[in-house]
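Pasting a structure below so you can have a look.
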Amino acid sequence: MKEQVTSLIISAIQSLQKEGVLPDDCKYTVRLDRTKDKSHGDLASNIALALAKSAGKNPRQLAQLISDKLPESSLVSKAEIAGPGFLNFFLNSASQFAVIEKIIQEKNQFGLSDIGKGKKVQVEFVSANPTGPLHVGHGRGAAYGATVANLLAATGFDVCREYYVNDAGRQMNILATSVWLRYLELLKVDITFPSNGYQGEYVKDIAQSMHEKMGDTFLKPADAIFNQVPADLSVDASGQESGDKEAHIDGLIENARTLLGQENYQILFNAGLNSILDDIREDLKGFGVEYQEWFSERSLADDDSIDLAVKQLQKSGHIYEQNGALWFRSTAFGDDKDRVVVRDNGQSTYFASDIAYHMNKFNRGFEKVINVWGADHHGYVTRVKAALSALEIDSDKLEVRLVQFAILYRGTERVQMSTRSGSFVTLRQLREEVGNDAARFFYVLRKSEQHMDFDLDLAKSQSKDNPVYYVQYAHARICRVLEKLTEQGKVWDTEQGLKSLELLITDRERDLSKKLAQYPEIIEKAALQHEPHILAHYLKDLAADFHTYYNASKMLIDDDALRNARLSLSIAAKQVLNNGLLLLGVSAPDSM
RNA sequence: GCGCCUGUAGCUCAACUGGAUAGAGCAACAGCCUUCUAAGCCGUAGGUUGCAGGUUCAAGUCCUGCCAGGCGCACCA
């Protein structure tokens with residue numbers, strides 16, 4: 001509908017160009033917006049304001065000229081000039097209700113489009129280190145990434161949802177060693193658990209199952225375990241600190257490796273990794289988040305991708321050596337300092353893996369790559385983009401979305417989260433407490449870069465204050481009406497309903513229908529801008545329009561034609577609510 | 001100190017990427033249940049968009065400088 005009105009404007013401008021009123025070469029894009037104010041009609045364009053300068057006319061004058069040249073159309077009942085020179089279009093009522101039939105025909109296809117034209121897009125999200133369960137911060141990234149991916153798929157992009165598994169590196173060694181030490185505790189070895197080890201209960205669980213499976217295979221005496229290990233951090237009675245927690249844990253890792261041998265160490269390492277990764281997979285799946293690809297960081301070392309990436313940078317002269325390490329000259333691409341890619345001990349850094357990983361992404365042919373990262377990683381954006389530029393990959397093809405943290409509240413009380421003690425609030429706890437639907441909806445209710453307050457009490461409450469219930473309730477209400485219809489021994493006569501749409505004459509009916517017609521544009525906008533909150537807010541508004549309508553007009557009335565017309569409108573609303581909620585990963589219940 | 005993000009009604013947030021009189025929901029006040037779920041609906045009130053300049057027909061939105069909050073500045077991942 002928008003396109004058709006836009007083409008009217010374009011043809012008016014073209015005829016003005018022919019007459020020499022407007023220069024032939026003037027550049028313009030016709031913008032046509034939905035109006036906020038009903039007195040401004042249904043659609044408005046600022047074209048006369050934008051072209052006033054190149055036409056050498058004042059905006060209102062130009063608007064009049066354009067208006068005079070507008071071709072006749074059955075859609076538009078009138079076009080008028082208003083304010084500083086806006087062109088306001090009023091649609092006739094038949095075209096306003098046409099959307100109802102379209103929705104009823106297209107069902108769950110309504111709102112889908114092919115503007116993505118099958119372009120390959122990757123959305124990488126969550127990608128939390130497999131060193132412990134997902135917490136509520138990851139939940140926001142999960143809900144955001146999954147919804148963006150759904151939106152892109154709905155608009156015709158070829159989407160790959162990917163999780164980057166950090167299955168290499170020091171943190172994983174700390175996990176493996178933590179598991180081993182907990183295992184040793186089960187065997188009554190007298191040890192003090194390191195302050196920098198993973199403290200969570202889940203580590204003990206992994207140790208327990210390791211013990212059940214392997215018996216005392218990994219048993220070593222305490223003095224060997226702590227042999228030559230620097231003292232751990234400790235604080236004495238006067239508050240004086242001594243020792244070094246980092247050196248302490250590194251010493252323990254070293255001893256674990258030598259005492260256990262490569263093979264046994266690897267068994268422990270994999271036990272920790274697999275157990276936690278399985279848990280993460282299961283957690284995300286339960287949250288309605290599915291991936292096409294779980295990409296292993298370790299695989300990049302195993303297949304020499306990292307070496308290859310470094311060599312390629314070397315070849316193009318972006319690498320230099322200093323103090324025995326290899327540095328990438330990222331300052332040449334706007335970074336504030338150069339970065340090490342291979343350490344003086346010959347080990348490549350995490351950043352080197354990241355370069356190889358991003359090279360790999362673009363080698364797979366993605367035309368657009370979206371990384372969803374926690375806001376604390378924003379420092380990495382510049383250097384990763386620098387690496388892409390150095391590899392002669394267009395860094396604009398990479399879009400990094402930084403998701404801010406969510407702060408949990410119970411009413412007005414802030415919920416403290418401490419990672420230290422291992423007693424953080426996990427995503428699973430959140431899901432159990434408020435339910436998947438509320439969690440998914442709340443997480444995407446805010447723009448991604450907005451700090452967010454997540455009120456647990458509100459998410460659980462069954463009232464209109466809670467936007468999830470509010471939207472779901474609208475859907476359930478319509479289902480209930482249909483149930484009631486059946487109880488009355490009647491059926492919805494689709495054909496009669498669609499033929500009788502002109503009986504829908506109230507403002508509320510027109511408002512609701514207008515809202516429904518907006519849905520495809522909303523999906524498109526939310527998808528292209530990668531902003532799910534646009535959809536969430538829209539569904540809230542749609543639900544509000546429906547509740548208003550429901551309260552004002554009774555549907556199950558004796559007048560067959562009007563009843564079927566109203567049912568058609570409501571069923572269209574139900575369909576759109578259903579389609580929108582599906583994209584958000586939220587259920588559309590038949591009853592509540 | 002440098003960099004990124006944020007600052008909009010008492011609170012939580014929008015505002016179609018520069019458009020018309022800045023909008024919702026809570027909370028406050030005032031109404032609506034012999035009616036398909038009152039898990040809802042309808043009003044009223046609430047603003048110098050952190051501050052100060054600038055750009056233009058037009059600025060919450062763009063540029064500059066301040067102020068406040070968050071996050072980051074490793075041969076860790």
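Fair warning: this is a prediction, and the values are worked out from it, not measured in the lab. What you see below is based on every heavy atom in this structure, not just the backbone, and it leaves out hydrogens, waters and symmetry mates. So that the names make sense, note that chain A is the first sequence line, chain B the second, and so on, each numbered from 1.
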Exercise. For the residue pair A/F546 and A/Y550, categorise the inter-ring angle as parallel (less than 30°), tilted (30 to 60°) or perpendicular (more than 60°).
Key: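 Taking A/Y550 first and then A/F546, their aromatic rings sit tilted (interplane angle of 30° to 60°).
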Exercise. Take the protein atom CG of A/L32 and the nucleotide atom P of B/G19, then report the distance between them rounded to whole Å.
Key: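 About 14 Å, once rounded to whole Å.
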Quiz item: Considering only B/G19, B/A38, B/A39, which nucleotide approaches the side chain of A/M592 most closely?
Solution: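 The listed nucleotide nearest to A/M592's side chain is B/A39.
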Quiz prompt | Watson-Crick or G-U wobble mate for B/G25, both contacts under 3.5 Å | solution =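 Because both required distances fall under 3.5 Å, B/G25 counts as paired with B/C11.
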Quiz item: Is A/R31 salt-bridged to A/D33, cutoff N-O under 4.0 Å?
Solution: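 Yes, A/R31 and A/D33 are salt-bridged.
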Exercise. Fit a plane to each ring of A/Y320 and A/W327, take the angle between them on a 0 to 90° scale, and name the class: parallel (under 30°), tilted (30 to 60°) or perpendicular (over 60°).
Key: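 Parallel, since the angle between the ring planes stays under 30°.
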Self-check item: Opposite nucleotide pairing with B/C71, Watson-Crick or G-U, both atom distances under 3.5 Å
Solution: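 Across any shown strand, B/C71 pairs with B/G3.
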Quiz item: What is the glycosidic conformation of B/U21: syn, defined as within 90° of 0, or anti?
Solution: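 For B/U21, whose glycosidic angle is more than 90° from 0, the conformation is anti.
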Self-check item: A/R60 side-chain N/O to B/A58 phosphate OP1/OP2 under 4.0 Å
Solution: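 So the side-chain polar atoms of A/R60 never come under 4.0 Å of the phosphate oxygens OP1 or OP2 of B/A58.
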Exercise. Check step by step if side chain to side chain contact (heavy atoms under 4.5 Å, CB included) holds for A/L408 and A/R414.
Key: CA-CA 6 Å; A/L408 294 185; A/R414 189 169 167 167; over 6 Å; no
Quiz prompt | Sugar-phosphate only, base, or nothing, as touched by A/A552 at under 4.0 Å among non-hydrogen atoms | solution =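 Counting heavy atoms under 4.0 Å across all strands, no contact is made by A/A552.
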Exercise. Under 4.0 Å between any heavy atoms, over every strand shown, what does A/D344 touch: base, sugar-phosphate, or nothing? Just pick one.
Key: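 The residue A/D344 makes base contact.
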Quiz item: Hey, does A/N88 reach any base, or is it just sugar-phosphate, or nothing, if we go heavy atoms under 4.0 Å?
Solution: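 Base, at least one base heavy atom under 4.0 Å.
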Quiz item: How far does the C1' atom of B/U44 sit from the matching atom of B/U6, given to the nearest Å?
Solution: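 The same atom, C1', in both gives a distance of 33 Å.
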Exercise. Decide, yes or no, whether a salt bridge links A/D335 with A/K385 under the criterion of side-chain N to carboxylate O below 4.0 Å.
Key: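 Answer for the salt bridge query: no.
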Quiz item: For the side chain of A/Q171, counting heavy atoms from C-beta on, which of B/C36, B/C16, B/C76 is nearest?
Solution: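 The nucleotide sitting nearest to the side chain is B/C76.
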Quiz item: Given B/C13, B/C41, B/A15, which nucleotide is nearest the side-chain atoms of A/T548?
Solution: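 The closest nucleotide is B/C41.
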Quiz prompt | A/N166 side chain reached by A/M172 side chain, heavy atoms, under 4.5 Å | solution =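 Side-chain contact under 4.5 Å: no.
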Self-check item: Listed nucleotide nearest any side-chain atom of A/N551, set B/C75, B/A20, B/C41
Solution: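 Shortest atom-to-atom distance from the side chain points to B/C41.
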Exercise. Take A/E399 and A/H530 through the side chain to side chain contact (heavy atoms under 4.5 Å, CB included) test and state the conclusion after the steps.
Key: CA-CA 10 Å; A/E399 178 177 328; A/H530 310 145; 2.9 Å; yes
Self-check item: Touch class at under 4.0 angstrom, heavy-atom based, for A/M452 against every strand present
Solution: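 It contacts sugar-phosphate atoms only.
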Quiz item: So which nucleotide from B/A20, B/A39, B/U6 ends up closest to the side chain of A/A82?
Solution: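 The answer is B/A20.
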Quiz item: Hey, which of these two, A/L445 or A/Y350, hits RNA chain B nearer its 5' end, going by closest nucleotide?
Solution: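 So the residue in question is A/L445.
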Self-check item: Assigned glycosidic conformation for B/C33 [threshold 90° from 0]
Solution: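 You should classify B/C33 as syn.
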Exercise. Taking only the side-chain heavy atoms of A/R480 (C-beta and beyond), determine which of B/A15, B/C36, B/U12 contains the nearest atom.
Key: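 Shortest atom-to-atom distance from the side chain points to B/C36.
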Practice problem: Please state the P separation for the pair B/C76 and B/U12 - nearest whole angstrom. | Solution: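 That atom pair is separated by 41 Å.
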Quiz item: A/R343 has a side chain; which of B/C13, B/A20, B/C76 sits nearest to it?
Solution: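 From the listed options, B/C76 comes nearest.
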Check: protein-nucleotides 69-74 of chain B nitrogen or oxygen pairs below 3.5 Å:
from: B/C71; atom 1: O2; to: A/H378; atom 2: NE2; distance (Å): 2.7

Quiz item: So what does A/E521 touch, heavy atoms closer than 4.0 Å: a base, only the sugar-phosphate, or nothing?
Solution: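 Counting heavy atoms under 4.0 Å across all strands, no contact is made by A/E521.
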Practice problem: Could you tell me whether A/K514 and A/D511 make a salt bridge, using a distance below 4.0 angstrom between a side-chain N and a carboxylate O? | Solution: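 Salt bridge flag = no for A/D511 with A/K514.
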Exercise. Remember a base hit wins even if backbone is also touched, and classify A/N323 as base, sugar-phosphate or nothing at under 4.0 Å, heavy atoms.
Key: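 Base, at least one base heavy atom under 4.0 Å.
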Quiz item: Using atom C1' of each nucleotide, how far apart are B/U17 and B/C71 to the nearest Å?
Solution: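 These two C1' atoms come out 25 Å apart once rounded.
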Exercise. Please determine if A/E124 and A/K361 form a salt bridge, counting it only when a charged side-chain N lies under 4.0 Å from a carboxylate O.
Key: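 The answer is yes: the pair qualifies as a salt bridge.
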Self-check item: Under 3.5 Å donor-acceptor pair, A/D33 side-chain atoms to B/A20 base atoms
Solution: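 Result: no qualifying N/O pair found.
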Exercise. For nucleotides B/G18 and B/U55, find the distance between their C1' atoms and express it as a whole number of Å.
Key: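 The same atom, C1', in both gives a distance of 12 Å.
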Quiz item: So what does A/A168 touch, heavy atoms closer than 4.0 Å: a base, only the sugar-phosphate, or nothing?
Solution: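 The answer is sugar-phosphate, as A/A168 gets under 4.0 Å only of primed atoms, P, OP1 or OP2.
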Quiz item: Hey, does A/S553 reach any base, or is it just sugar-phosphate, or nothing, if we go heavy atoms under 4.0 Å?
Solution: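 Here A/S553 touches the bases of the nucleic acid.
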Quiz item: Using a cut-off of 4.0 Å on non-hydrogen atoms, how would the nucleic acid contact of A/R31 be classed: base, sugar-phosphate, or nothing?
Solution: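 Answer is sugar-phosphate: A/R31 comes under 4.0 Å of backbone atoms only.
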Quiz prompt | Toward the 5' end of RNA chain B, by each residue's nearest nucleotide, A/Y470 or A/K554 | solution =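 It is A/K554, whose closest nucleotide lies nearer the 5' terminus.
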Quiz item: Given B/A14, B/C36, B/C41, which nucleotide is nearest the side-chain atoms of A/H547?
Solution: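 Comparing B/A14, B/C36, B/C41 against the side chain of A/H547, the answer is B/C41.
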Quiz item: Which base, if any, makes a Watson-Crick or G-U wobble pair with B/U34, both distances under 3.5 Å?
Solution: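 Partner of B/U34: none found under 3.5 Å.
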Quiz item: Nearest of B/U12, B/A14, B/U35 to any side-chain atom of A/R446?
Solution: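 The nucleotide sitting nearest to the side chain is B/U12.
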Practice problem: Kindly say whether A/P230 contributes a backbone atom to a donor-acceptor pair with the side chain of A/H248 at under 3.5 angstrom? | Solution: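 Yes, because the side chain of A/H248 sits within donor-acceptor range (under 3.5 Å) of the backbone of A/P230.
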